[in-house]
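Working notes for the structure below.
Position 1 is the first residue of the sequence; numbering continues from there. Remember, it's 1-based here, ligands and their atoms both numbered in the order they're listed.
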Amino acid sequence: MNREKNNGARLTLAELRSDILGIDTRVPLLDGSERPYVFLDNGASTPTFGRVLRCISSFLPWYSGVHRGTGFKSRLATEIFDRTHDVVARFVGADPANNMVVFTKNTTECVNKLSNRFGFAPGDLVIATGMEHHSNDLPWRKNAKVLHVGTQPDGEIDLKELRSAIREFKGRLRLVAVSGASNITGICPPVHDIAEWAHDAGAPIFVDAAQLAPHRPIDMLPDDDKRHIDFLALSAHKMYAPFGIGVLVGPTAFFEQGEPDMVGGGVVDVVTFDEVVWKHAPHKDAAGTPNVVGAIALAESLSILQSVGMETIADHEHSLLRYAYERLKRIDKVHLYGPTTDLGNKVGAIPFTVEGMHHALVAAILSAEGGIGVRNGFFCAQPYVKRLLGVTKEEEREAGCGTGDTDRTATPGMVRASLGCYSNEADIDWFLEVLGRIVRREYKGKYIQDPASGAFQPEGFRVDVERYFSFFEDAGQVKDRSYSEAS
Ligand SMILES: Cc1ncc(COP(=O)(O)O)c(C=O)c1O
């Protein structure tokens with residue numbers, strides 16, 4: 001496994017940017033030209049660090065099943081895989097003596113697992129907020145009664161209401177579930193304060209860190225600290241390591257209790273036709289063959305982020321946000337949602353709409369005429385987005401939302417530009433340039449809306465997949481994979 005080592009030197013933000021796979025990739029525009037892609041959809045999934053790809057490339061010759069093999073490669077792979085757990089625990093400040101790291105597919109699976117493992121009794125209450133991603137809402141609704149604490153018109157959680165609800169439901173309250181950062185407005189609630197309120201009421205806290213972990217340092221704090229985070233989840237595909245892995249961190253004692261939610265190989269000590277004896281944690285919650293490569297990719301990515309420093313990343317994103325908002329506020333007819341002045345307490349998500357234009361049209365033009373990747377719609381947080389937009393129940397009905405109506409022509413929504421640690425001012429400049437053209441209606445294409453999805457497609461422009469990618473057998477020979485292959 002000979003690979004570059006950093007020899008203790010810290011990576012710089014510039015080195016991070018140049019290591020992003022595809023940073024210079026040119027994409028076609030509607031007018032037939034090409035330009036380097038500007039990726040502003042990091043809130044959904046980030047691109048990959050080249051170092052992560054090189055790391056797994058150097059591991060793969062040693063790849064082998066873990067925990068149950070006796071061969072050298074299996075023993076080595078097991079040792080490396082086990083160490084990935086420590087890297088994750090360190091990254092989030094979890095005490096490995098009392099806490100464990102469970103690998104899943106993604107944050108959604110983490111929340112479902114936790115909800116299924118919680119052992120809720122009828123009448124048990126989870127307090128969540130009106131800010132949550134559906135993945136930190138629906139899994140709780142499945143197994144418990146959920147109280148959604150309100151948000152203010154500017155997107156902030158009503159913290160007074162949250163605190164008094166936690167106090168009021170002491171006894172019945174089993175868990176407080178809250179985002180570490182909103183995927184819409186980027187707002188970071190004071191999770192350690194909320195943890196203290198929850199603990200005073202005898203309940204643990206779960207923090208959905210899918211959006212927080214890529215942007216800010218996290219410290220779950222010692223277990224005996226009142227402000228300690230009990231459970232936390234994150235997704236590697238939002239952290240420059242998109243190889244199908246997520247992480248749930250929580251107290252080992254919690255996972256020792258109850259039955260695993262998923263059963264099969266790896267979770268049992270004894271099986272007879274009549275009896276099953278579960279393994280101890282952490283194995284009990286790791287059914288089947290684990291995603292060893294995904295875990296290694298995540299651990300490498302977390303080490304890279306720590307080498308740059310999460311404070312450095314947070315400062316960089318904060319100054320980029322300031323740069324973007326100063327300019328955005330000057331563009332007439334662009335409506336911004338969430339904080340626009342106090343930007344220190346939000347991660348790099350910029351939600352907006354353009355007056356008189358459908359959000360999907362704005363997103364389509366940014367892509368076809370600017371080569372800019374953003375996202376539009378509700379971003380899996382329908383209640384929050386509708387509240388920010390001030391959509392009334394009546395308007396929802398008229399637009400067909402909530403009725404299962406298949407005509408989405410008038411479904412409300414927003415556009416979101418979201419930053420990564422490698423984003424820079426040039427990305428923002430180009431985004432604002434194209435947005436300015438859109439606002440002034442200086443775009444060139446004709447865009448046709450598909451009523452079933454609500455999406456707009458530019459006339460005469462299609463994605464020619466074969467030009468950019470093919471599988472081995474399509475070409476009948478090994479293709480040139482120059483930029484995507486680890487060197
Ligand atoms: C705040 C938040 N929570 C949870 C999720 C779900 O993450 P995943 O799709 O990786 O399960 C997302 C994804 O966008 C998110 O932004």
Give a yes or no on whether the backbone of Ser418 and the side-chain of Asn42 come within a donor-acceptor separation of less than 3.5 Å. yes

Quick one: does Asp208 get a heavy atom under 4.0 Å from ligand 1? yes

Atoms in ligand 1 flagged as close to Lys238, the criterion being non-hydrogen separation under 4.0 Å: 7 (O), 12 (C), 13 (C), 14 (O)

Subset of ligand 1 atoms that lie under 4.0 Å from at least one heavy atom of Asn183: 16 (O)

Only heavy atoms of Gln211, strictly under 4.0 Å: list the atoms of ligand 1 that pass. 1 (C), 14 (O), 15 (C), 16 (O)

Determine whether more than 12 heavy atoms belonging to other residues, nucleotides or ligands lie under 6.0 Å from atom CZ of Arg83. no

Hey, does Glu109 come in under 3.5 Å of ligand 1, counting only N/O atoms on both sides? no

Ser164 side-chain N/O to Lys160 backbone N/O, donor-acceptor pair under 3.5 Å: yes

Between Lys386 and Phe378, is NZ or CZ placed under 6.0 angstrom from the six-membered ring centre and within 45° of the ring axis? yes

May I ask you to identify the nearest protein heavy atom to atom 15 (C) of ligand 1, giving residue, atom name and distance to one decimal place in Å? His133 CD2, 3.2 Å

Measure His237 to ligand 1 on non-hydrogen atoms and call it side chain, backbone, both or neither using the 4.0 Å cut-off. side chain

Indicate whether any N or O donor in one side chain lies under 3.5 Å from an N or O acceptor in the other, for Thr312 and Asp315. no

Arg117/Asp285 ion pair, N-O < 4.0 Å: yes

min-distance protein heavy atom vs atom 9 (O) of ligand 1 -> Thr108 OG1, 3.8 Å

Atoms of ligand 1 under 4.0 Å from any heavy atom of Ser235, numbered from 1 in the order shown, are 7 (O), 8 (P), 10 (O)

Arg167, Lys226, Arg163 screened by salt bridge (charged side-chain N to carboxylate O under 4.0 Å, His left out) with Asp200, the one that passes: Lys226

Pull out every atom of ligand 1 sitting under 4.0 Å from any heavy atom of Asn106, numbered as shown with elements. 8 (P), 10 (O), 11 (O)

